[in-house]
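Notes follow the structure.
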Amino acid sequence: MPHELPKAYDPSAIEARWAEYWVREKLFAAPTPSPGSPESQQPVFTLLLPPPNVTGRLHMGHMLNQTQMDIIVRWHRMRGFLTLWLPGTDHAGIATQMMVERQLAKEGKNRRGLGREAFVERVWEWRREYGGAILGQMKRLGASVDWSREYFTMDENLSRAVREVFVRLYEEGLIYRGKYIVNWCPRCGTAISDLEVKHQETPGKLYEIRYPVSGSKKEFITVATTRPETMLGDTAVAVNGADQRYQHLHGKKLLLPLMDREIPIILDELANPEFGTGAVKVTPAHDANDFQAGLRHNLPQIVVMDERGFMNENAGAYAGLERFEAREAVLQDLRSQGLLAGEKDYVVPIGKCDRCRTIVEPRLSTQWFMAMTKPGRDGSPSLAQRAGDAVKSGEIRFTPENNTRIFLQWMENIYDWCISRQLWWGHRIPAWYCGNAKCGEIVVARETPAKCPQCGGRLEQDTDVLDTWFSSGLLPFTTLGWPENTRDLDVFYPNWLMITGGDILFFWVARMIMFGCHFMHGHEQDRGIKQASGFAARKDDSVPFREVYIHALVRDAERQKMSKTKGNVLDPIEVIEQYGTDATRFTLAAMASPGTDIAFNPKRTEGYRAFANKIWNAARFIFMNVDRAQQAGVWSLKDFQNSAGERARGVSGFQPSNLEDRWILSRFNAVAAEVHSALETYRFDEAANRVYDFFWGEFCDWYVELMKPRLAGESGDNAATRVAFGNIVRVFEGALRLLHPFMPFITEEIWQAIYDGKPPAKSIALVEYPAADPGQRDLDAETEMAILQDLIVSVRNLRAELEVETRQRVPIQIHAVDGVRQMIEHNRGAVERLATVEGLEFVETSLAKAGGVRTTSRFEVRVVFEKKIDIGAERARLQKELEGLEREMENKRRQLGNESFLQKAPPHVVEGLRKRLAELEVLREKASTALHALG
RNA sequence: GGGCGCUUAGCUCAGUUGGUUAGAGCGCGUGCUUCACACGCACGAGGUCGCAGGUUCGAGUCCUGCAGUGCCCACCA
């Protein structure tokens, strides 16, 4: 291949091509292995993509989420796991219905006019046309999912599974239908779950209203309320039996103002004597607490509002008013009748609809619920119990860990889940009602029943659909073929990991755990299949996944939440187009430290684009040299290609023949180990930074620089040159593999180029990830190299201080102990070249008295240069150094003089301190000598 | 009302169980068309780790209080 790459890396020139290649070649498909096949011997890693809404457009949160998943997934795949990453989309009930309704509105139509069937067909059309947009964007990100298994939550097989679950839970008595107070959104016209209500503390008023005692002209009870319009539906006033103030009124009745209805005074703990007047109005049809009190006292339930939030015929004169207009009208009338006793400023926690911000109305209606805390008929644990146990026992582990507590706290305070929605788009509830009024039979069935089994009457299906989260909560097993296909479940269930945002911890994660633990109870993973590490410690295979990683929120550079109204939303596709997918992914990975949100600053991405460019140019450099060597007949890439094994764990065939070779190999292994342990604990930031530092700070800055003369064949020894080429290409190739999960595109491009059309696999994504091999550390090489680097930097530093012209070569003198001296002697060429030195001389006596000297504990080095040094500046520098040294010595001496320190501190700390003190003595002596020498 | 975080260099953030000299990127300063890279190279400046106490031989790290800041949960009017 031509190795004439453009000088600057242009991601747009290659990324789309590879993204398309990965999909076209189906590289990431994970077919289910048949029992006993070689594939079935692989350890398994399963991950479910949190399905984006069909209505969705990719945002930074998705990109963060997908980047993290892709890193983990590619890492496992490269390590030889049978890796399944399963993609799909969610039908997103309310969101999608709203979207299509809005579209209809533009055409001057509405869904009621269209009718249910036509409307649903319309949504399907919409979905066929636009529903794939977000998955298309995912492909552009390089997400290595198995596209052959793509699903949609309303697919026939998944819908069948939803009905199966519903029917089973109904039969187990864990799904029930009933008339209760639910959260109702008047705008969406549907019930919503507790979780879909967002509470917001809002300044409001607490109104005190006088309810006259029936038959008395003067006596009344004052009640307090924040929602005066609900008084129209009051059916009692409660006082606490122990409350002295109201003893004399027990058993009496009140006259409900505005409605002129007699209502009883009841004794109930609902009334808290400490609060307000101690008397509370009771509205069983419009408040959850009042509802319960109503049941206790057999009170009538008067609904005074319709499903749109308008007062109904039960609201007397206020019928037809919108609820807040009614509030004003009620207040005005109370005022004019002298019954409004007070208005106090009061902070009210107002519940708003998560979807549309409309204020939620507690409303009495008939809905379907799922029992969260009710044990099974056979005494088996409740859904919440099983889920809580799975987390408490460690069968499911959260990262960051504090989510465990958040999860458990929620689980312990859970209420039954309202699962029916008054919508048209979604899984229709599989319940049918007999049209025969006398019969009233309810049939819950997997398939549409023909007629009422009781009376043979006509059946009508329930018009409601299920909460979207009902079906998505089942995905960990339904996407694997439950209930029919058990082979996929045997192999891939449980999922290993779930990576998602904290915002859907309860909505989704909690429900998956409940459903999984319930329906997969007793499931055993095929024992012929091995799962990832930790398998042995955790044996409960009913859990939907073993690990949950909760990722942070992506904010803008100013730490503001991204929102459309603020106009600070960063479109990942735009960022990608500007900096490249690799750089954007790397930014997200490098900034993903646990527990803190990510302030996404494009400046940072710019830096990682530079990193990609750096790698690009390292490749250009290597290819340039390779081409030259090939022309000279010294070395060819084929020499490497022929020896490269497909599943080389480290950098096989590397021949350390030099300090820098030994050093880079040792560093490579150290970094591979660090990356491994970072990824194992989901420290994406650490992993990314380690690779970055290695690639740029060690490979490019030092190894490549040190290799230049060797690659140029300056030794004249062709065999040595060949070793040099073999080594640099091997380390480079290994480093590309190390980097691949983070920057899949550039690494693929260069890796393919190295193999020049004859790669050992179809993609770098399918070869072995560099293994952590602690045995390959060469600590001597690392120490020696550190001294060498220190020496070179010291000389450069001195040159800058002495204002030596950049390219002027200068003589240096070095004073060092024998071993160090020999090491430097061996690497004399490197020092001369990298520090621009000519004439390296070793001296026997200390250089401390001379000018232009740097001193470390290992060596003294002097740049011999005529230019007169600035004595004042040098004295100041030395003075500062001396002060620093003395301060530190003072500290160390004090500690070492402390008896209890010597007794209690671990020996290695004490020893380290002694050594350091000895070093300091020497350094101080030298600095002081130098200072005196200045005169 | 309950719970959980965060405060370290000008900015954005690392800093694992308390242990020898607190780090990175960006930004800043100086010098470089060094035959891979100016999306670069080299060198450098910059921090009493929010405040006040405490525990400890030893605290950025543990405890208490205070201040600032962010988030989640919540059917008491």
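Below, read A as the first sequence line, B as the second, and so on, with proteins coming before strands; counting in each chain starts at 1.
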Would you mind classifying the nucleic acid contact of [X] as base, sugar-phosphate or nothing, using non-hydrogen atoms under 4.0 angstrom?
X	result
A:A271	base
A:V793	sugar-phosphate
A:Y608	nothing
A:R799	nothing
A:R405	sugar-phosphate
A:P362	nothing
A:N413	nothing
A:E674	nothing
A:N402	sugar-phosphate

Considering only the [atom1] atoms, how many Å lie between [N] and [M], rounded to the nearest integer?
N	M	atom1	result
B:U17	B:G60	C1'	16 Å
B:G3	B:G58	C1'	34 Å
B:C26	B:C72	C1'	32 Å
B:C62	B:C49	C1'	16 Å
B:U64	B:G1	C1'	23 Å
B:C6	B:A45	C1'	29 Å
B:A9	B:G47	C1'	5 Å
B:G46	B:U34	P	31 Å

Quiz item: Is there a donor in the side chain of A:N240 and an acceptor in the side chain of A:Y246, or the other way round, less than 3.5 Å apart?
Solution: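 The answer is no; no qualifying pair exists.
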What is the distance from [atom1] of [X] to [atom2] of [N], rounded to the nearest Å?
X	N	atom1	atom2	value
A:K344	B:A77	NZ	P	14 Å
A:L505	B:G5	CG	C1'	15 Å
A:D243	B:C76	CG	P	21 Å
A:E805	B:C32	CD	P	8 Å
A:F621	B:C35	CZ	C1'	10 Å
A:W702	B:A42	CH2	P	8 Å
A:N617	B:C41	CG	C1'	13 Å
A:I615	B:C39	CD1	P	17 Å

The side chain of [X] lies closest to which of these nucleotides: [options]?
X	options	value
A:R683	B:A36, B:C37, B:G15	B:G15
A:V909	B:C73, B:C4, B:G19	B:G19
A:A800	B:C72, B:A74, B:C43	B:C43
A:A905	B:A36, B:G19, B:C39	B:G19
A:K603	B:G27, B:G44, B:C39	B:G27
A:M591	B:C57, B:A36, B:U12	B:U12
A:L913	B:A77, B:G27, B:U20	B:U20
A:A618	B:C4, B:A36, B:G27	B:A36
A:K614	B:C41, B:C43, B:C39	B:C41
A:Y692	B:G25, B:A14, B:A77	B:G25

[X] vs [N]: side-chain N/O to OP1/OP2 distance below 4.0 Å:
X	N	answer
A:Y346	B:A77	yes
A:W696	B:C41	yes
A:N613	B:G40	no
A:K708	B:U34	no
A:R807	B:U34	no
A:K904	B:G19	no
A:R604	B:G27	no
A:K7	B:C37	yes

Which base, if any, makes a Watson-Crick or G-U wobble pair with [N], both distances under 3.5 Å?
N	value
B:A42	B:U30
B:A77	none
B:U56	none
B:C66	B:G50
B:U61	none

Quiz item: With a 4.5 Å heavy-atom cut-off, do A:V909 and A:F901 have their side chains touching?
Solution: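 Sidechains of A:F901 and A:V909: in contact.
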Self-check item: Nearest heavy-atom neighbours spanning A:Q301 and A:P284
Solution: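 The answer is CG-CB, 3.9 Å.
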Please confirm whether the backbone N or O of [Y] pairs with a side-chain atom of [X], one donor and one acceptor, at under 3.5 Å?
X	Y	answer
A:D243	A:V239	no
A:N689	A:D685	yes
A:T277	A:T222	yes

Quiz item: Of A:F611 and A:N272, whose closest RNA chain B nucleotide lies nearer the 5' terminus?
Solution: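 Looking at the nearest nucleotide for each, A:F611 comes out on the 5' side.
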Quiz item: Closer to the 5' end of RNA chain B via nearest nucleotide, is it A:K915 or A:I622?
Solution: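 Of the two residues, A:K915 wins.
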Quiz prompt | Close aromatic pair by centroid cut-off 6.0 Å: A:F732 and A:F699 | solution =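 They qualify: ring centres under 6.0 Å apart.
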Quiz item: Roughly how far, to the nearest 0.5 Å, is the CD atom of A:Q808 from the CD atom of A:E838?
Solution: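 Rounded to the nearest 0.5 Å, the CD-CD separation comes to 10.0 Å.
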Practice problem: Test for a donor-acceptor pair under 3.5 Å between the base of B:A74 and the side chain of A:Q409, counting only N and O atoms. | Solution: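 When only heavy-atom distances are counted, A:Q409 does not reach the base of B:A74 through any donor-acceptor pair under 3.5 Å.
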Practice problem: Carefully, step by step, assess A:Y579 and A:Y608 under the rule ring-ring contact (aromatic ring centres under 6.0 Å, His included). | Solution: CA-CA 8 Å; A:Y579 302 105; A:Y608 293 124; over 10 Å; no
Self-check item: Matching residue for A:K281 among A:T235, A:D287, A:T230 - test: side-chain hydrogen bond (donor to acceptor under 3.5 Å, both in side chains)
Solution: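 For A:K281, the side-chain hydrogen bond (donor to acceptor under 3.5 Å, both in side chains) test succeeds with only one of A:T235, A:D287, A:T230, which is A:T230.
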